[in-house]
Every structure is written in C-alpha cells, then in structure tokens.
Amino acid sequence: MSPTVPPTAVRLANSPKPLLPTISSPATRPSYLSMSPPSRPRASPLAAIAAAGGSSASPSLLAADPNHRDAVLLAARGAMANCLGETHLDLVVPGLRLAAKGKVRDVYESGEHLVLVTTDRQSAFDRVLASIPFKGQVLNETSLWWFNRTHHITPNAVVSCPDKNVTIAKRCTVFPVEFVVRGFVTGSTDTSLWTVYNNGVRNYCGNAIPDGMVKNQKLVASILTPTTKAADHDVPITPDEIVKSGLMSKDDFDEARSKALSLFEYGQQVALKNGVILVDTKYEFGKTADGTIMLIDEVHTPDSSRYWIANSYEERFKAGLEPENVDKEFLRLWFKNNCNPYEDKVLPEAPEELVSELAWRYIFLFETITNTKFEIPETQEPIHERISRNVAEALRNL
C-alpha cells in the first residue's frame, strides 16, 4: 500500500516559503532533557551558531521571512513543556509490544505491522542531548513526503500515518548496516569524514580519498561509508567486511548500495532546486519474506541528513568560513566546546536559544524542501494521549 500524507499533516502554503521547527519538553523532564540555561559560564550560544555557519546576523535564506521565524520561535518556547520524550504505548494500547527503543524512534510490534513513534528526543555523539518541540512531527512528515516521491527508486515499508508522530509499517528483516552517503568532506563527530581525513586517513570504508582536500570541500563523486548498527555507537565498516562477516550477502549489499546512491542523487537534485544542498545522509533497508529490499526508517530528514544553504556556499567556502547549515551541527559544536560529549557522564543543559533555533531550522527545512506549510498543533492535549488514541484506532482498522 502506497504511503500517503494525510491532509491534516501538511497543507499548501499560500504565502512565501517559511522556515524551521520547534521544541517541546515533557512537563516532568528527566535531567538529561532539561532545557534551563547553564548554571556556570559557558561559550555564548549565539557564538556556537555563528561558528557552525549559522549566524542570523548576515542576510540569509534562513532570515527571508523574519515574522514567520519569530512566530515559530515563540511557538517553540511555548511548547517546551509538551515534548514527546518517552512513549509507553505498550501500557495503554492493547496488543502492542515494545520491540526497540532507538535514539529518536520507539518501535512497537503489532502482528504483521510495526508502529514507529518519532519522539522529540535530540541525539548526537550516540546519546540524547535535549528534547526539541515538534521535532518528531517534522521528522515523520518529512520522511513521508520523501517516501511518497521515491517509489521510482525503491519500495518502502510505509502502510499508513495515523498521527503526526507515527508511521505504521510492514515488518521486515532489518539489515544491521546504516548506508551513509557523503558528498562533501565535513563533519565534527569522531566518524565524520572531515575528522578522520584531518587525522590522516586516506582510505575510509573502502573509499580512496586524495590528499590536499580541505574542510567542507565537495567530493568529485559521492561516496558510501557504511556503519554497523551497534547498540551504543556506530562503527565504520568496509563493504568487504560487511559481506565477509555475514551482515549482508554481496547481492543484497550491492542492491542496497545502488538504491542508497540513487536516493542521494535524487535528494540532492530536489534539495538544490529549493535552495539547499544535501551534504550527507544515512539510509536503512530491510528485506521482506519474499526477498524484496525496502527502504525503511527515515529519509532525508534534518536528523539523518546535513543541509547547507546553497547560494552562500561557494562564497563562504572560498573565504574559509563554515557553510550556513540547516541542521544540528551548531548544537553539536556547542556541546563539543563546553564538554566532552563522548566521555562526560553528565552533560551541560542545552541553552534555550539553541533549542528554539534548532526547532526553527527543522521547520524551515521541511517547508523549504516540500513547499508546504508546517502545521503547529493548536491543541494543548498531551502528545502521548493523542498518539495513544490515534494508534489504537488505526490498529483496530487494519
């Protein structure tokens, strides 16, 4: 059954293309989801945005509609007490069983179907950093938009979308490999291409990379840098190692690799037409009982992908400046500048300014690429209650 985006999820904008998403936090938040300002002096949050190439001080597509941006930031601040940090649908919806709890998505089983709930959790460095209002809705609706437009490349697992944060999907055997496709030498995490390249690596995941490249430079051709889906972190791996270790057969890997590279090429074309660059992303695939390899999880979301503003990239690159990014890179950099996010047991609280800014950028990206207006929920009903009701009804009708 082809996925369709419900009319209540997105609607055509009647005004110029707007900008990004918001952030919510549960009424009672765990300490790691707290959004209160840091208690000790730290680097300026706005400086982190500027360092990541996201300063709003200079003219930018991000600031093309300041009234809309202000409205989204206001909505984000107002929604911080109603974020979806945790889900417990198995306790309230008959027949559901919690199958997996990911960094962002909670997956439940119901017969031949999976119920994927996209939360507002914000992760990086293989841990949860914060909770972002409306993030789960943005990711879910972004993926549905792309799923609907990539049938010519690959089938996908989507069955229906009963809620703004929920997708019901077909069950399949998931390959334990993430297909990371990169078009530029960039990034700040330990497994990012720029980090390993800057440390002297010239063959990464089976890809030979020439000497003399600099940060944020475009690759001659996009490359695939797979990682294994380890429990607490991602581990780079070569195609040969994937096959030799039995993670995938050679035929399955070759087919999934071809799909991933084609999806990335198509995604870059669509993004560029709308003024942004799809820099890198990751895909996941599964295999059905009849042997069909399907695209699963998410597609080209601001969580799984890195995006830059296209019209300023060349100028900023030549000047040695960071590109204007439309992703969570500035939040990553803030944490890297204020702690050791890989080793510190307790992390500082993400500043409210950064949380709101990230919410705005997520919504901006959704609206920019899809040419649709993101609908901020008008009701103050707790998200978990709404999701429980909608999922229960959808499962009764399957």
Does the [X] side chain pair with the main chain of [Y], one donor and one acceptor, at a distance under 3.5 Å?
X	Y	answer
N274	T370	no
T119	R105	no
S110	H113	no
Q217	V214	yes
D120	K135	yes

What's the verdict on side-chain contact (heavy atoms from CB on, under 4.5 Å) for H152 and Y266, showing C-alpha distance, side-chain angles and the deciding distance?
CA-CA 10 Å; H152 64 291; Y266 177 71; 3.9 Å; yes
Can you measure from [atom1] ([X]) to [atom2] ([Y]) and round to the nearest 0.5 angstrom?
X	Y	atom1	atom2	value
F134	N165	CZ	CG	10.5 Å
E298	L116	CD	CG	10.0 Å
R202	D211	CZ	CG	5.0 Å
I277	E324	CD1	CD	10.5 Å
E141	C161	CD	SG	7.0 Å
E393	S388	CD	OG	13.0 Å

With side chains defined as the heavy atoms from C-beta onward, is the minimum distance between [X] and [Y] less than 4.5 Å?
X	Y	result
K164	N140	no
F374	V72	no
L96	L395	yes
V115	V166	yes
V299	N156	no
T191	V180	no
V235	T227	no
E381	R389	yes

Can T292 and D290 be said to form a side chain to side chain donor-acceptor pair (under 3.5 Å), step by step?
CA-CA 6 Å; T292 301; D290 66 3; 2.9 Å; yes
For salt bridge (Lys or Arg N to Asp or Glu O under 4.0 Å), just list the numbers for E375 and K373, CA-CA rounded to whole Å, side-chain angles, deciding distance to a tenth of an Å, and then say yes or no.
CA-CA 6 Å; E375 287 193 346; K373 183 173 175 59; over 6 Å; no
Closest approach of [X] and [Y], non-hydrogen atoms and distance?
X	Y	value
G183	S222	CA-OG, 4.1 Å
P377	R386	CG-NH1, 4.4 Å
G286	C172	CA-SG, 3.7 Å
P236	Y204	CG-OH, 3.3 Å
F285	L263	CZ-CD1, 4.2 Å
L61	G275	CD2-O, 4.0 Å

Please tell me whether [X] and [Y] are part of a single hydrophobic cluster in this structure, the criterion being side-chain heavy atoms less than 4.5 Å apart.
X	Y	result
I296	F264	no
L321	I309	no
V158	V174	no
V185	V201	yes
W146	L139	no

Output every pair passing salt bridge (charged side-chain N to carboxylate O under 4.0 Å, His left out) with a member in residues 186-200, not counting sequence neighbours, ordered by first then second residue.
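Those involving residues 186-200 do not exist here.
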Run the salt bridge (Lys or Arg N to Asp or Glu O under 4.0 Å) check on E357 and R69 step by step: do they pass?
CA-CA 9 Å; E357 178 67 24; R69 180 178 184 274; 2.4 Å; yes
For T225 and R182, which I'm curious about, is there any donor-acceptor pair between the side chains at under 3.5 Å?
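Indeed, the side chains of T225 and R182 share at least one donor-acceptor pair under 3.5 Å.
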Could you check D240 against T238 for side chain to side chain donor-acceptor pair (under 3.5 Å), going step by step and ending with a plain yes or no?
CA-CA 5 Å; D240 286 345; T238 68; 5.4 Å; no
Run the numbers on K259 and L295 for side-chain contact (heavy atoms from CB on, under 4.5 Å), then give the verdict.
CA-CA 9 Å; K259 290 176 184 290; L295 180 63; over 6 Å; no
Salt bridge (Lys or Arg N to Asp or Glu O under 4.0 Å) between D106 and R121: does it pass, once the steps are laid out?
CA-CA 11 Å; D106 293 345; R121 297 192 294 263; 2.8 Å; yes
Against F175, only a single residue in L247, D252, I242 fulfils side-chain contact (heavy atoms from CB on, under 4.5 Å); can you say which?
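Of the listed options, the one satisfying the test is D252.
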Candidates Y283, Y307, F147 - the one meeting ring-ring contact (aromatic ring centres under 6.0 Å, His included) with H300:
Y283
Y108 six-ring face occupied by R97 cation (under 6.0 Å, within 45°)
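Because its charged atom misses either the 6.0 Å distance or the 45° angle limit, R97 does not stack over Y108.
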Should I293 and T154 be marked as a side-chain contact (heavy atoms from CB on, under 4.5 Å) after you check the CA-CA gap, both sets of side-chain angles, and the distance that decides it?
CA-CA 8 Å; I293 293 180; T154 178; 5.7 Å; no
Quick one: are the ring centres of F335 and F125 less than 6.0 Å apart?
no
In terms of heavy-atom contacts, does NZ of K101 have more than 12 from other residues, nucleotides or ligands at under 6.0 Å?
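Counting neighbours around NZ of K101, more than 12 heavy atoms of other residues, nucleotides or ligands fall under 6.0 Å, so yes.
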Enclosure of E112 CD (heavy-atom neighbours >12, cutoff 6.0 Å):
no
Candidate pair F179 and F253, rule ring-ring contact (aromatic ring centres under 6.0 Å, His included), full reasoning
CA-CA 10 Å; F179 287 73; F253 176 81; 5.6 Å; yes
Run the ring-ring contact (aromatic ring centres under 6.0 Å, His included) check on Y313 and F184 step by step: do they pass?
CA-CA 12 Å; Y313 165 72; F184 293 77; 5.5 Å; yes
Evaluate side-chain contact (heavy atoms from CB on, under 4.5 Å) for L114 paired with E109, printing each intermediate quantity in order.
CA-CA 5 Å; L114 296 177; E109 293 179 338; 3.7 Å; yes
